[in-house]
Amino acid sequence: MSDTVTPAQAEEKPLNFLEEIIEASIAKGETRVHTRFPPEPNGYLHIGHAKSICLNFGLAKKYNGKCNLRFDDTNPVKEETEYVDSIMDDIRWLGFRWDGLFYASDYFDTLYLWAEELVKKGKAYVDDQTQEQIRQGRGTVTSPGANSPFRDRSVDENLNLLRRMKAGEFADGEKVLRAKIDMTHPNMLLRDPIMYRILHAEHHRTGDKWCIYPMYDYAHGESDSIEKITHSICTLEFDIHRPLYDWFINELEIFPSHQYEFARLNLTYTVMSKRRLLQLVQQGLVEGWDDPRMPTICGLRRRGYTPESVRAFAERVGVAKRDNIIDLGLLEYCVREDLNRTAQRRMAVLDPIKVTITNWPEGNKEAIRCVNNPEDPEAGTREVAMTRQVYIDRDDFMEDPPKKYFRLSPGGEVRLRYSYIIKCDEVVKDASGKVVELRCSYDPASGGGGSSDGRKVKGIIHWVSAENAATAQVRLYDRLFTQEDMGSLDEGKDYLDYLNPDSLRTVTAYIEPALAEAEPGQRFQFERLGYFFVDPKESSEGKPVFNRTVTLKDSWAKIAAK
RNA sequence: UGACCCAUGGUGUAAUGGUAACACAGCAGAUUUUGGUUCUGUCGUUCCAGGUUCGAGUCCUGGUGGGUCAACCA
């Protein structure tokens, strides 16, 4: 991260509730800040994780603290090294570097020792009940649970059984280790939660060393404590886990990490749950986890989002404890804001109509100078060729234009961007009535912004020379779903019922010749159309494939829609 | 018929007992060789009822509404 926040700037910005908590503890003399980002390596990170990453790493940076990356790998049947790698890759791409890299599985030995300790204190016991019996015994949210018949086993018996569980003497599901708390507690999590289950499964890091694995609630707080995490930040749905988090730390008398919860990110027109994203991939509804329509970090990346824009977004959405749904428009605003400053402009025609300039001498070619980025003089200029035949976009011509349409129409005039004013003299159609060519004349005195008689034209349209244009595949992406709040669907409808059939349109576009040499990973603004990213996965030497990151704001579209 | 969390413009986020503000979105205008950018203006907000207080978005009580919890997932 290059942007350093000066103390003065930091002072002007209001604090979020986590910063307030931290500053309150600093005021009391506890100055150390150590956070952690703790993903389970069972899938790809999405924009919601990006918020959490920016929060955890951002807080550490702001208060001169540290932030660890810790993989919460306590469930071997769901976790894979592939995900570990992609998660590290995404965090680095976002621009963050972890201070410590750990795995919950690093702590399996310690965790087990602590489990024996709790058994010895009479705070944990081995339960022989089946999964079904345990479920029954737990009661419901409105009725208390009942004690297990195995709850009062002696310490010696529990210890013996636990060691035999660890030694592999029992089959999966035959026994569990439970904390002995209170089967009537109003908080379901405290009704003798399971600490260990038997799982004869290969772990991606510890292999077959273990056949018992700790549950999240038993492992998480202790892992924080081992790493001396001061602020363990997680999402709201874990708030009812906090008493249990504290219970284990208190009983074990280990370093008191504390948990704080914030509201997770929701986006309009977007699903975020791992289950649904996985289903989109598995059913082939998208092309993979990094499909540019996916809200995954790797998807945004392939869409052409910049790390800066994602960080700016995370900053702007804020942090609080109430449920929220952020307008997708804010994310788009953030990337436009960034790309407007940095992306060079080029011209491309997505849906061409051929224009013949009848008074332009056959074979004549004129070099036209174009500004690369009006926001950045250092970006310089380039030349494109003006010729007798050019392509313009179909959207820029209407045979029967409505009021306020100031693009090209029969008898009307428009300026070709950076070039001459042309007038439409004749419309050529094919047998089906489709416009196939416009025959126009140009004003030779209109180069450089003027005109023969000082008249101004309102419309300026982009174009490419038909005689030396290159072509490229361009993918026009749109939102994946049609429903604004995908969290509240109509009665009896599934989220897949709201898939946007037009979320991807692929076209072959005419592009400036120079654009054919575009390098994978480069970003451009196609003038008047949007920002485009050269897909690193699909492009090859001299054959770029462009992904539309986002359209430009289009105030004409609003007028036209009305 | 439980426990816990939450409630401020359309969407977010501030205001820390003392003039309800900022951003995005919307609308209107100016500038503009991108209907882009930029600039200006504008619309619009404290869930309800009581209470405490000189004064309540903020504190208290009670409602209402939303969320979370009954995996050997995290």
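Letters go in sequence order (proteins before strands), and every chain restarts at 1. This structure is a prediction, so every number in the text was calculated from the model and none was measured.
In this model, the phosphate group of B/A71 is not approached by any side-chain N or O of A/Arg275 to a distance below 4.0 Å at OP1 or OP2. For B/G35, the OP1/OP2 oxygens have no side-chain nitrogen or oxygen of A/Lys404 closer than 4.0 Å. At B/G36, one or more side-chain N or O atoms of A/Ser555 fall inside 4.0 Å of OP1 or OP2 (strictly under the cut-off). Side-chain N/O atoms of A/Tyr333 include one lying less than 4.0 angstrom from OP1 or OP2 on B/C24. Side-chain nitrogen and oxygen atoms of A/Arg528 include none within less than 4.0 Å of the OP1 or OP2 phosphate oxygen of B/U33.
When heavy atoms are screened at a 4.0 angstrom cut-off, A/Val457 is found touching no nucleic acid atom at all. A/His462 comes within 4.0 angstrom of nothing in the nucleic acid, heavy atoms only. If you check every strand for non-hydrogen atoms under 4.0 Å, A/Gly448 touches a base.
Per the stacking criterion (ring centres < 5.5 Å, plane angle < 30°), A/Tyr216 does not stack onto the base of B/A74.
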Point to revise | Secondary-structure notation, RNA chain B, from Watson-Crick and G-U pairs under 3.5 angstrom (| other strand) | key: .((((((..((((....[..)))).(((((.......)))))....(((((..]....))))))))))).....
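In summary, of the residues considered (A/Val126, A/Asn158, A/Ile194), a side-chain contact (heavy atoms from CB on, under 4.5 Å) with A/Arg178 occurs for A/Ile194 alone.
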Practice item. Start with the C-alpha gap between A/Arg455 and A/Asp443, add the side-chain angles, then the distance that decides, and say whether salt bridge (charged side-chain N to carboxylate O under 4.0 Å, His left out) holds. Key: CA-CA 11 Å; A/Arg455 71 191 186 286; A/Asp443 176 354; 3.1 Å; yes
**Study point:** Evaluation steps, salt bridge (charged side-chain N to carboxylate O under 4.0 Å, His left out), between A/Asp396 and A/Arg528
**Key:** CA-CA 11 Å; A/Asp396 290 332; A/Arg528 303 208 306 132; 2.4 Å; yes
Check your understanding: Run the salt bridge (charged side-chain N to carboxylate O under 4.0 Å, His left out) check on A/Glu527 and A/Arg346 step by step: do they pass?
Key -> CA-CA 6 Å; A/Glu527 293 222 29; A/Arg346 294 290 185 270; over 6 Å; no
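Judged by the 6.0 Å distance and 45° axis criteria, A/Arg276 is positioned over the aromatic ring of A/Tyr495. Both cation-pi conditions hold for A/Lys166 and A/Tyr112: the charged atom is under 6.0 angstrom from the six-membered ring centre and inside a 45 degree cone around its axis. A cation-pi geometry, defined here as NZ or CZ lying under 6.0 Å from the six-membered ring centre and within 45° of its normal, holds between A/Arg205 and A/Tyr103.
If you find the closest nucleotide of RNA chain B to A/Gly449 and to A/Val176, the one lying nearer the 5' end belongs to A/Gly449. Position along RNA chain B of the nearest nucleotide to A/Asp172 versus A/Lys553 favours A/Lys553 as the more 5'-ward residue.
Summarising the geometry of A/Leu189 relative to A/Leu244, their closest heavy-atom pair is O-CD2, 3.6 Å, with the distance given to 0.1 Å.
Nucleotides B/A21 and B/G9 are separated by 11 Å at their C1' atoms, to the nearest Å. On the P atoms, B/G67 is 23 Å away from B/G62, given to the nearest whole Å.
Side-chain proximity of A/Asn340 to B/G26, B/U33, B/U37: nearest is B/U37. The side chain of A/Lys78 sits closest to B/C73 out of B/G26, B/G36, B/C73. Side-chain proximity of A/Arg316 to B/A23, B/A70, B/A74: nearest is B/A23. Minimum atom distance to the side chain of A/Glu527 is reached by B/U34, of the listed B/C24, B/G26, B/U34. Minimum atom distance to the side chain of A/Phe406 is reached by B/G35, of the listed B/A74, B/C72, B/G35. With B/A74, B/U34, B/U13 as the choices, the nucleotide that has an atom nearest any side-chain atom of A/Leu552 turns out to be B/U34.
Checked for salt-bridge contact, A/Arg191 and A/Asp182 miss the test: no charged N lies under 4.0 Å from a carboxylate O.
For the pair A/Leu59/A/Ile233, a side-chain contact is recorded, criterion being any heavy-atom separation below 4.5 Å from C-beta on.
Between A/Leu278 atom CG and B/C73 atom C1' the separation is 14 Å, expressed in whole Å. Taking atom CD1 on A/Ile461 and atom P on B/G36, their separation rounds to 16 Å, with Å as the unit. Counting to the nearest Å, the P atom of B/A71 and the CZ atom of A/Arg197 are 14 Å from each other. For the pair A/Ile194 CD1 and B/A70 P, the interatomic distance rounds to 12 Å; values are reported in whole Å.
Counted within 6.0 Å of NZ on A/Lys274, heavy atoms from surrounding residues, nucleotides or ligands total more than 12; the atom is thus considered enclosed.
Of the N and O atoms on the side chains of A/Asn68 and A/Glu227, at least one donor lies less than 3.5 Å from an acceptor on the other residue. For the 3.5 Å distance criterion, the side chains of A/Glu332 and A/Tyr531 fail to qualify, holding no donor opposite an acceptor.
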N/O contacts under 3.5 Å, protein versus nucleotides 1-9 of chain B?
| residue | atom | partner | partner atom | Å |
| --- | --- | --- | --- | --- |
| B/G2 | N3 | A/Val141 | O | 2.9 |
| B/C5 | O4' | A/Asp239 | OD2 | 3.1 |
| B/U8 | OP2 | A/Arg322 | NH1 | 2.8 |
| B/U8 | O4 | A/Arg322 | NH2 | 3.1 |

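B/A30: glycosidic angle beyond 90° from 0, hence anti.
Residues from residues 368-378 of chain A with heavy atoms under 4.0 angstrom of RNA chain B, sorted by number: A/Pro374, A/Glu375.
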